[in-house]
K.L.:
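Please see the structure below; I have some questions.
All values derive from a computational prediction rather than experimental measurement.
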Amino acid sequence: MGGKLRNRLNDLDGRQWLYWTDTLYITNYPPDATHVLRKQHGAMKPPEVMAEIIRFFTKEGELVLDPFAGVGGTLLGAALTRRKSLGFEIDPRWVAVYRTIQRDFVVVNGVLCPREEADNGEAINGEMRQGDCLALLKELPAASVAAVVTDPPYGINHGARGFGGETNFNMLSSGLAGDLGHAPDLETFLERLQEIGEEIWRVLLPGRYLVMMVGDRYQEGEYVPLGFLVAQSLREVGFKFKGVKIWSNKATRRPLKPYAVKSVFVPNITHQNILILRKE
């Protein structure tokens with residue numbers, strides 16, 4: 001007789017599992033209570049989105065790692081889902097923002113709330129370490145992490161062109177040579193990311209997932225499918241590319257810009273690729 005199928009990956013039921021396999025991932029999370037602090041960084045993600053990703057790829061109590069932690073969106077998502085978390089961030093500015101949030105906010109019924117307004121909130125316990133992620137990854141034991149969930153800098157010439165106010169690109173670390181975002185060209189960026197990917201492979205438990213958020217670019221008159229170039233680079237490390245979710249958050253999506261209107265097609269890139277890779 002067949003028994004109930006044991007869920008080896010997460011704590012979701014079958015309906016919740018099926019819903020999250022949709023490759024279109026449209027969310028509508030408005031800015032939360034920590035947004036005013038986190039928006040100093042130009043690439044922060046809603047903690048609620050990070051929490052949904054973490055819920056699918058881990059069980060409660062497991063360890064989630066973010067080697068490009070920024071202002072701590074992944075760590076906050078882990079706090080919302082009662083997972084352990086560890087983040088690496090090269091820029092002390094963003095570490096300071098996360099630690100301010102950690103000091104001044106708590107989790108109440110799955111929501112981040114100011115500590116002063118909550119009597120029985122749960123502390124945000126995710127650990128943030130400041131430094132180069134490649135060096136910090138080397139300090140971790142092999143096969144010690146249940147999932148890696150991250151949003152790396154995209155390198156290859158950050159910055160708005162033509163529409164100076166279009167995007168907050170405040171994500172680079174001035175003077176920090178190890179910042180992946182300072183890669184001078186696409187080839188160097190992918191080579192460095194691949195080196196980091198090798199260490200991520202080492203610290204991941206067998207059969208578990210690397211989930212990486214990567215936005216495509218439009219540069220020098222050509223669309224750069226950066227998400228799929230990154231996926232291919234990580235396949236060369238040994239990861240199996242299991243799929244992609246196309247994510248857009250309607251509540252915080254920027255307005256469309258009139259790029260080359262009545263001239264040629266130029267896309268408004270309002271989505272990001274959530275790359276799903278597995279250590280097999």
Side-chain angles (χ1 to χ4, degrees), residues 8-10 20-21 43 45 50 52-59 61-70 72-75 77-78 81 83-90 126-156 178-183 186-216 225-245 247 272-280:
R8 296 177 295 174
L9 180 62
N10 56 44
W20 218 79
T21 61
K45 299 297 182 291
M50 307 314 289
E52 288 193 19
I53 295 170
I54 289 166
R55 281 192 191 96
F56 191 89
F57 291 101
T58 62
K59 289 180 174 290
E62 290 188 321
L63 176 63
V64 179
L65 171 68
D66 186 347
F68 302 99
T74 299
L75 279 62
T81 58
R83 270 64 166 176
K84 300 174 185 176
S85 62
L86 173 62
F88 302 149
E89 173 52 47
I90 196 169
E127 180 186 356
M128 180 80 84
R129 298 180 188 174
Q130 193 266 315
D132 188 309
C133 71
L134 185 58
L136 293 172
L137 278 163
K138 293 179 185 296
E139 297 176 1
L140 297 182
S144 60
V145 173
V148 176
V149 179
T150 192
D151 178 20
Y154 307 148
I156 60 169
D179 185 351
L180 186 63
H182 286 303
L186 178 58
E187 291 73 22
T188 303
F189 173 81
L190 294 173
E191 288 172 3
R192 292 180 61 188
L193 191 59
Q194 195 171 62
E195 186 178 9
I196 293 165
E198 290 172 353
E199 283 301 310
I200 292 174
W201 170 276
R202 185 184 65 83
V203 303
L204 258 181
L205 286 161
R208 304 307 290 268
Y209 291 84
L210 162 61
V211 181
M212 186 173 286
M213 305 177 82
V214 180
D216 294 331
L226 188 60
F228 290 97
L229 295 174
V230 167
Q232 178 57 34
S233 183
L234 292 170
R235 287 183 68 240
E236 294 171 9
V237 170
F239 286 100
K240 299 293 185 182
F241 187 25
K242 307 303 287 190
V244 63
K245 288 174 72 72
W247 172 62
Q272 284 197 316
N273 306 292
I274 301 179
L275 310 177
I276 300 167
L277 301 115
R278 188 170 187 246
K279 178 179 177 179
E280 294 183 353

K.L.:
Using the rule given for side chain to side chain contact (heavy atoms under 4.5 Å, CB included), can you reason through Leu193 versus Phe68, listing the C-alpha separation, both sets of side-chain angles and the distance that settles it, and then say yes or no?
P.N.:
CA-CA 11 Å; Leu193 191 59; Phe68 302 99; 4.2 Å; yes
K.L.:
Side chain to side chain contact (heavy atoms under 4.5 Å, CB included) between Thr21 and Lys245: does it pass, once the steps are laid out?
P.N.:
CA-CA 8 Å; Thr21 61; Lys245 288 174 72 72; over 6 Å; no
K.L.:
Any chance you could measure Ile196, atom CD1, to Glu191, atom CD, to the nearest 0.5 Å?
P.N.:
12.0 Å
K.L.:
Check Arg208 against Thr58 and note the closest heavy-atom contact, atom names and distance.
P.N.:
NH2-CA, 3.7 Å
K.L.:
List in chain and number order the residues that pass ring pair (Phe, Tyr, Trp, His ring centres under 6.0 Å) with Tyr209, two or more places apart in sequence or in another chain; answer none if no residue qualifies.
P.N.:
Phe57
K.L.:
For the side chain of Asn273 and the backbone of Leu275, is there at least one donor-acceptor N/O pair under 3.5 Å apart?
P.N.:
no
K.L.:
Measuring from Leu134:CG to Glu195:CD, what's the distance to the nearest 0.5 Å?
P.N.:
4.5 Å
K.L.:
What is the minimum heavy-atom distance between Gln194 and Val237, and which atoms define it?
P.N.:
CG-CG2, 3.4 Å
K.L.:
Tell me if a side-chain donor or acceptor on Asp216 pairs with a main-chain N or O of Leu226 at a distance below 3.5 Å.
P.N.:
yes
K.L.:
Measure from the side-chain N and O atoms of Gln130 to the backbone N and O of Ile90, and report whether any donor-acceptor pair falls under 3.5 Å.
P.N.:
yes
K.L.:
Output yes when Arg202 and Glu199 qualify as a salt bridge under the 4.0 Å nitrogen-oxygen rule, no when they do not.
P.N.:
yes
K.L.:
When you measure from the side chain of Thr81 to the backbone N and O of Ala78, does any donor-acceptor pair fall under 3.5 Å?
P.N.:
yes
K.L.:
Holding to salt bridge (charged side-chain N to carboxylate O under 4.0 Å, His left out), I want the full list of residues that pass it with Lys59, two or more places apart in sequence or in another chain.
P.N.:
Asp11
K.L.:
Quick one: are Thr74 and Ser85 in side-chain contact, heavy atoms under 4.5 Å?
P.N.:
no
K.L.:
What heavy-atom pair brings Met213 and Pro152 nearest, and what distance separates the two atoms?
P.N.:
O-CD, 3.4 Å
K.L.:
Within the 4.5 Å heavy-atom criterion, are Leu204 and Phe239 side-chain neighbours or not?
P.N.:
yes
K.L.:
Which heavy atom of Leu180 sits nearest to which heavy atom of Pro153, and what is that distance?
P.N.:
CB-CG, 3.7 Å
K.L.:
Evaluate the side-chain proximity of Leu234 to Trp201: yes if any heavy-atom separation is below 4.5 Å, no if none is.
P.N.:
no
K.L.:
Quick test of your reading: applying salt bridge (Lys or Arg N to Asp or Glu O under 4.0 Å), list the pairs with at least one residue in residues 230-242, sequence neighbours left out, ordered by first then second residue.
P.N.:
Lys242-Glu280
K.L.:
Looking at Leu9 and Glu62, what are the two nearest heavy atoms and their distance?
P.N.:
O-OE1, 4.5 Å
K.L.:
If you count the non-hydrogen atoms of other residues, nucleotides and ligands that lie under 6.0 Å from NZ in Lys279, is the total more than 12?
P.N.:
yes
K.L.:
Excluding sequence neighbours, so at least two apart, what forms ring pair (Phe, Tyr, Trp, His ring centres under 6.0 Å) with Phe88?
P.N.:
none
K.L.:
What I'd like to find out is whether the side chain of Leu140 reaches to under 4.5 Å of the side chain of Leu65, using heavy atoms alone.
P.N.:
yes
K.L.:
Any side-chain heavy-atom pair from Val214 and Phe228 closer than 4.5 angstrom?
P.N.:
no
K.L.:
Who passes side-chain hydrogen bond (donor to acceptor under 3.5 Å, both in side chains) against Glu127, sequence neighbours left out?
P.N.:
Arg129
K.L.:
Write out all pairs satisfying side chain to side chain donor-acceptor pair (under 3.5 Å) with one or both partners inside residues 139-151, taking only residues at least two apart or from two chains.
P.N.:
Lys45-Asp151, Asp66-Thr150, Asp151-Tyr154
K.L.:
Can you tell me how far apart CG (Leu277) and OG (Ser233) are? Round to the nearest 0.5 Å.
P.N.:
10.5 Å
K.L.:
Can you tell if the side chain of Leu86 reaches within under 4.5 Å of the side chain of Val145, non-hydrogen atoms only?
P.N.:
no
